[in-house]
Amino acid sequence: MIAPSELIINPDGSCFHLHLKPEQLADKIIMVGDPDRVNTVASYFDTKECEVSSREFHTITGTYKGKRITTLSHGIGTDNIDIVLNELDALANIDFASRTIKPIFRQLTMVRVGTSGGLQPFVPVGTYVAAGKSIGFDGVLYFYAGSEKVRDKAFESELMRQLKWKLSGIQPYVVSADPSLVKQITQDDIIRGVTIAANGFYGPQGRKLRLPLADPELNRKIEAFEFNDSRITNFEMESSSLAGLSALMGHRAMTVCCIIAGRVAQDMNTEYKGSMTGLIETVLDRI
Ligand code: R1P
């Protein structure tokens with residue numbers, strides 16, 4: 001039995017942060033950072049079954065062309081993904097009445113649709129990029145046993161070498177998204193890239209405002225990095241823990257982003273809603 005302090009269930013029978021009840025969760029999940037983007041995804045639904053809001057977690061479950069889909073916001077950061085993934089997995093695979101793990105595993109399919117900064121000339125503003133691989137600057141995955149089984153050690157060593165890594169206490173890890181899901185969503189018109197999930201928006205992505213950076217050359221080295229014919233394509237803030245935790249749990253997950261800032265060309269599209277809508281439509285059709 002999982003103790004009440006470990007799996008916190010609200011008096012109404014919902015999980016602690018998401019405030020969702022097990023019956024409100026679909027097998028197909030579209031995840032977004034911004035709570036308001038949930039309304040955009042759900043605006044395509046043919047039917048709406050439920051809507052729940054709690055903190056930055058906004059969820060709507062409904063149907064799209066006969067498919068039952070849950071769309072939910074996870075807020076910003078890999079630490080939020082730890083909360084969201086564990087609560088979604090608990091909703092699917094733990095019996096809330098007996099607080100025991102269900103005997104039959106229920107697999108979830110999760111696609112995060114996000115915004116991102118491009119790091120290569122071949123991913124300009126407006127491009128869609130899937131994170132085939134994610135480089136985690138965060139440490140979430142290290143807290144779980146077996147993380148080494150889902151990490152790409154060869155890629156990690158090459159990364160440390162080429163980036164001449166000098167930030168003590170941070171050990172980037174490399175994980176893959178679910179390959180069959182990446183194929184299903186990207187088909188032949190979305191780039192499969194290598195995405196860095198940064199553990200912050202400013203310094204960790206090489207943005208200098210008032211504070212100087214510990215390694216001002218890091219972004220230049222990231223842009224120049226090349227391994228097995230792949231380059232690092234973009235920065236966002238959640239794909240690593242999403243891919244890593246899902247792989248450990250046995251779920252299918254991936255991230256696909258709309259590039260809204262060109263970090264090399266130093267351009268920015270603050271009017272990105274149109275291209276985000278296009279990506280949402282594609283994911284709804286392909287999930
Ligand atoms: C930062 O502005 C946020 O935008 C990106 C980053 O991953 C981070 O969450 O994605 P979303 O637009 O999905 O939130």
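Ligands are counted one by one from 1 in listed order, and the atoms in each one are counted from 1 as well. Starting from 1, each residue takes its place in the sequence as its number.
Side-chain contact of D138 with S240: a donor-acceptor pair under 3.5 Å is present, judged by distance alone. Under 3.5 Å, the side chains of D285 and Y44 contain no donor-acceptor pair of N or O atoms.
When all heavy atoms are compared, the tightest approach of L245 to D82 is CD1-CA, 3.8 Å.
Counting atoms of ligand 1 from 1 in the listed order, those under 4.0 Å from a heavy atom of G114 are 13 (O). Each of the following atoms of ligand 1 lies closer than 4.0 Å to a heavy atom of E236: 7 (O).
Annotation: R112 places an N or O atom under 3.5 Å from an N or O atom of ligand 1; distance criterion only. Here's the thing with F201: none of its N/O atoms is less than 3.5 angstrom from an N/O atom of ligand 1. Looking at G33 next to ligand 1, an N or O pair under 3.5 Å apart turns up.
Hydrophobic cluster membership is shared by F235 and L159, with clusters built from Ile, Leu, Val, Met, Phe, Trp and Tyr side chains linked at under 4.5 angstrom.
In terms of protein heavy-atom proximity, atom 7 (O) of ligand 1 is closest to E238 OE1, 2.6 Å.
Around the NZ atom of K183, the shell of radius 6.0 Å holds no more than 12 heavy atoms that belong to other residues, nucleotides or ligands. No more than 12 heavy-atom neighbours from other residues, nucleotides or ligands sit within 6.0 angstrom of CD1 on I101.
Considering I81, T115, T78 only, the shortest heavy-atom separation from atom 5 (C) of ligand 1 involves T115.
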